[in-house]
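Have a look at the structure below before the remarks.
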Amino acid sequence: MEFSVDPAARDRLAELREWGEKEVRPVGLEADRAGCPIPVGHPFFDRCLARGDGRTRWPGPGRKPAGPRMSIVTQLLLAEEFAYWDRGVMIATPGPGLPEQSVLGLGTEEQKERFLGPFLEPDRPRWACFAMTEPGAGSDAAAIQTTARRDRDGWILNGAKCFIGSASRSDWILVQATLDPSKGRKAQRAFFVPQGTPGLGPFKIEKKMGLKAYESTSFSLDDVRVPGAYLLGGDGPREHTAGFKAAMQTFNAGRPVIAANAVGIARAALDEALRYARAHELLGRARVRDRIEAMARKVRMARLVCLRAGQLADQQRANIVEASMSKALAAQVAQEATSEGLEILGLAGGRGDELIEKLYRDAKAMDIVEGTGQIQRMIIARKLVGLPR
Ligand SMILES: Cc1cc2nc3c(=O)[nH]c(=O)nc-3n(C[C@H](O)[C@H](O)[C@H](O)COP(=O)(O)OP(=O)(O)OC[C@H]3O[C@@H](n4cnc5c(N)ncnc54)[C@H](O)[C@@H]3O)c2cc1C
């Protein structure tokens with residue numbers, strides 16, 4: 001099992017490291033201390049656009065992708081590096097975000113042009129988001145209650161969503177809804193809902209313990225009307241498969257990325273613990289050395305499992321087990337490493353002025369988003385020993 005990255009990827013990593021240290025960590029700490037998301041008009045977002053962030057991977061109408069696609073292993077290394085500096089800022093960074101993969105895979109050409117087109121050369125920071133979770137449906141995504149009802153040539157949506165990243169600032173929201181709540185995943189469809197559509201909102205930014213740089217938002221859909229052309233995959237025969245499949249595509253591609261993020265947070269905790277222990281001459285103590293050794297060993301282990309999930313995807317081989325293993329393991333390692341780091345700093349960590357305390361609060365979400373640890377373990381067990389559904 002060998003992982004290699006080409007010189008171009010090395011350059012990107014070095015560039016990201018510089019950006020992370022100079023821009024990402026400071027703006028993340030600023031948002032954390034202020035206790036609210038980075039404001040839409042913050043100059044940080046203009047600097048993101050200036051360095052080429054915020055764009056879609058869609059090449060544009062009738063165009064083929066320019067150059068070879070970046071390998072998934074490289075994408076995971078970049079995701080680790082970004083989260084090392086600040087995972088909340090990574091999600092706050094403008095762009096078509098979580099739903100882009102579903103639109104690329106299942107959207108019609110017209111939908112790509114309409115919804116991804118503005119992200120080709122964004123004239124301002126633009127966001128998009130994916131809304132699945134509801135007050136009564138998190139892990140059990142098949143239980144969503146937001147309904148979609150046909151209305152002449154369009155659809156009417158009603159329901160409520162919660163904890164949706166960047167919703168109030170998104171140009172459009174890909175909303176997961178059901179044609180019949182009693183029919184589970186088969187009845188699910190995904191709809192583009194542009195910002196400003198009557199009945200969408202109000203938006204309420206949730207209070208959260210960590211990752212404060214980006215907004216997690218609740219909103220309702222009250223007789224929201226969208227045209228038939230806004231049903232992901234189009235209003236034709238594909239509509240029957242594009243609903244739950246879109247959601248699962250988003251989550252399957254996302255798990256190793258969350259794992260890489262968790263590895264980044266764990267590595268930052270390790271570096272913080274080492275920095276503090278060196279500065280305070282604690283490395284001579286066996287109890288401190290043992291903890292640092294255990295942190296380093298676990299960070300390495302989690303990174304290897306994560307890269308293996310990415311390598312299998314690069315080879316277009318099944319990686320469901322590895323993707324779930326990587327997320328279950330790395331999220332746990334991030335929680336352990338930040339907790340150990342906090343303990344090594346002792347009172348200094350507990351006061352809340354040190355980065356380690358923020359990392360400790362940020363790490364927990366890695367275990368929750370895109371399928372909790374328990375859900376990953378169920379997926380793995382089901383695949384390995386065929387537990388009943
Ligand atoms: C920071 C953050 C950002 C988020 N961003 C988004 C977003 O952009 N879009 C979006 O749609 N959602 C988002 N979410 C929501 C997230 O996907 C859900 O929180 C997650 O799916 C878990 O759902 P829940 O919180 O309702 O927990 P529940 O599903 O109610 O679970 C509660 C507990 O029970 C356990 N559990 C549940 N079912 C089982 C089972 N069958 N077996 C064993 N244990 C089980 C869970 O592991 C968990 O520990 C975000 C959440 C957070 C915290």
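Predicted model, so just to flag it, every value in this text is computed and none were measured. Every number for a ligand or one of its atoms is a count from 1 in the order of the listing.
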Spacing of L345 atom CG and E340 atom CD [to the nearest 0.5 Å]: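 Reported value, rounded in 0.5 Å steps: 12.5 Å.
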Modelled atom types, side-chain donor and acceptor of R317 and Q311, under 3.5 Å: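 Per modelled atom types, R317 and Q311 side chains form no pair under 3.5 Å.
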Between E215 and T217: side-chain donor-acceptor atoms closer than 3.5 Å: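 Short answer, yes.
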Over-ring placement of R225 relative to W155, 6.0 Å and 45° cut-offs: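 No.
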Would [X] count as being in polar contact with ligand 1, using the rule that some N or O on each side must be under 3.5 angstrom apart?
X	result
S216	no
S139	yes
I368	no
L211	no

Residue portion contacting ligand 1 (non-hydrogen atoms closer than 4.0 Å) for M378: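 Near ligand 1, M378 shows its side chain, while the N, CA, C and O stay back.
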Please identify which atoms of ligand 1 are closer than 4.0 Å to at least one heavy atom of [X].
X	result
Q374	43 (C), 44 (N), 46 (C), 47 (O), 49 (O)
I164	7 (C), 8 (O), 9 (N), 10 (C), 11 (O)
V369	2 (C), 3 (C), 4 (C), 50 (C), 51 (C), 52 (C)
Y214	1 (C), 2 (C), 3 (C)
T372	22 (C), 46 (C), 47 (O)
G165	7 (C), 8 (O)
M132	11 (O)

D6 and R12: CA distance, side-chain angles, deciding distance, salt bridge (charged side-chain N to carboxylate O under 4.0 Å, His left out) verdict: CA-CA 10 Å; D6 57 29; R12 288 186 78 137; over 6 Å; no
Candidate pair T146 and Q176, rule side-chain hydrogen bond (donor to acceptor under 3.5 Å, both in side chains), full reasoning: CA-CA 8 Å; T146 295; Q176 197 77 6; over 6 Å; no
Test of ring centre spacing under 6.0 Å for W19 and F44: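 Here the rings of F44 and W19 have centres that are less than 6.0 Å from each other.
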Given C129, P96, P99, the one that forms side chain to side chain contact (heavy atoms under 4.5 Å, CB included) with L174: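 It is P99; the other options fail the test.
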